[in-house]
Amino acid sequence: MLKITEINRTRNTATLKLEGRVGGDWISEVKNMCEKILSEGIDLALDLADVSFIERKAIPFFGELRRREVVFFNCSPFLCEQLKGVLK
């Protein structure tokens, strides 16, 4: 299960907090929320402090977000290892 909360929004930026596991049907939920914000021309940041795991099939999506200059913060050492290729 994954909880997605918009914790901050200004005119130019939005921050989403993810809590739980990023996997299964939740990957498309995260994609939809991120795409909605990015399509509005708003800068996006993801707070990953409470993410316990990211399924392998979601890693390319995080890579795409990174290429679109989405900021990831509060990554645990475990998540940093999972996203090693993406966060460079």
Side-chain angles (χ1 to χ4, degrees):
M1 188 168 148
L2 181 71
K3 180 177 179 182
I4 308 166
T5 308
E6 188 172 305
I7 59 173
N8 186 29
R9 186 182 281 244
T10 66
R11 192 169 166 200
N12 301 318
T13 63
T15 302
L16 296 179
K17 180 174 183 66
L18 307 182
E19 300 172 77
R21 297 174 59 93
V22 180
D25 294 336
W26 293 104
I27 297 168
S28 62
E29 289 297 318
V30 174
K31 285 181 180 180
N32 290 339
M33 286 192 74
C34 291
E35 189 56 44
K36 182 177 184 297
I37 291 167
L38 292 168
S39 70
E40 295 173 10
I42 296 172
D43 294 334
L44 178 61
L46 298 179
D47 182 345
L48 303 176
D50 295 319
V51 172
S52 58
F53 187 77
I54 298 173
E55 282 187 7
R56 183 178 304 216
K57 65 182 179 180
I59 300 296
F61 166 65
F62 280 83
E64 175 61 26
L65 290 177
R66 187 62 167 185
R67 285 186 288 285
R68 293 175 76 181
E69 299 183 4
V70 172
V71 175
F72 306 136
F73 65 99
N74 291 333
C75 291
S76 69
F78 177 72
L79 282 186
C80 285
E81 187 63 27
Q82 281 194 289
L83 296 173
K84 188 187 321 186
V86 172
L87 297 177
K88 289 183 180 180

(message) Please identify which of these residues, Val70, Asp43, Leu44, meets the side-chain contact (heavy atoms from CB on, under 4.5 Å) condition with Ile37.
(response) Leu44
(message) Can you tell me if Glu40 has over 12 outside heavy atoms packed within less than 6.0 Å of its CD?
(response) yes
(request) Kindly indicate whether the side chain of Leu18, heavy atoms from C-beta on, has any atom under 4.5 Å from the side chain of Trp26. (result) no
(request) Check whether any side-chain heavy atom of Thr5 sits under 4.5 Å from a side-chain heavy atom of Asp47, and report yes or no. (result) no
Enter the distance from [X]:[atom1] to [Y]:[atom2] here, rounded to the nearest 0.5 Å.
| X | Y | atom1 | atom2 | value |
| --- | --- | --- | --- | --- |
| Phe53 | Ser76 | CZ | OG | 11.5 Å |
| Lys57 | Ile27 | NZ | CD1 | 5.0 Å |
| Lys3 | Leu16 | NZ | CG | 13.0 Å |
| Ile54 | Phe78 | CD1 | CZ | 9.0 Å |

Where do [X] and [Y] come nearest, in terms of heavy atoms and distance?
| X | Y | answer |
| --- | --- | --- |
| Ser52 | Arg21 | OG-CG, 3.4 Å |
| Ile42 | Leu38 | O-CD2, 3.7 Å |
| Arg66 | Val71 | NH1-CA, 4.4 Å |
| Ala58 | Val22 | CB-CG1, 4.1 Å |
| Leu83 | Phe62 | CD2-CB, 3.9 Å |

(request) Could you point out which residue of Asn8, Asp50, Asn74 forms a side chain to side chain donor-acceptor pair (under 3.5 Å) with Lys17? (result) Asp50
(request) Consider only side-chain heavy atoms of I, L, V, M, F, W and Y, link residues closer than 4.5 Å, and tell whether Val51 and Phe73 are in one cluster. (result) no
(message) If hydrophobic clusters are built by linking Ile, Leu, Val, Met, Phe, Trp and Tyr wherever their side-chain heavy atoms come under 4.5 Å apart, do Val30 and Met1 end up in the same one?
(response) yes
(message) Quick test of your reading of the model: are Lys31 and Glu64 salt-bridged, counting only N-O distances below 4.0 Å?
(response) no
(message) Walk me through whether Glu29 and Ile4 qualify under side chain to side chain contact (heavy atoms under 4.5 Å, CB included).
(response) CA-CA 9 Å; Glu29 289 297 318; Ile4 308 166; 4.1 Å; yes
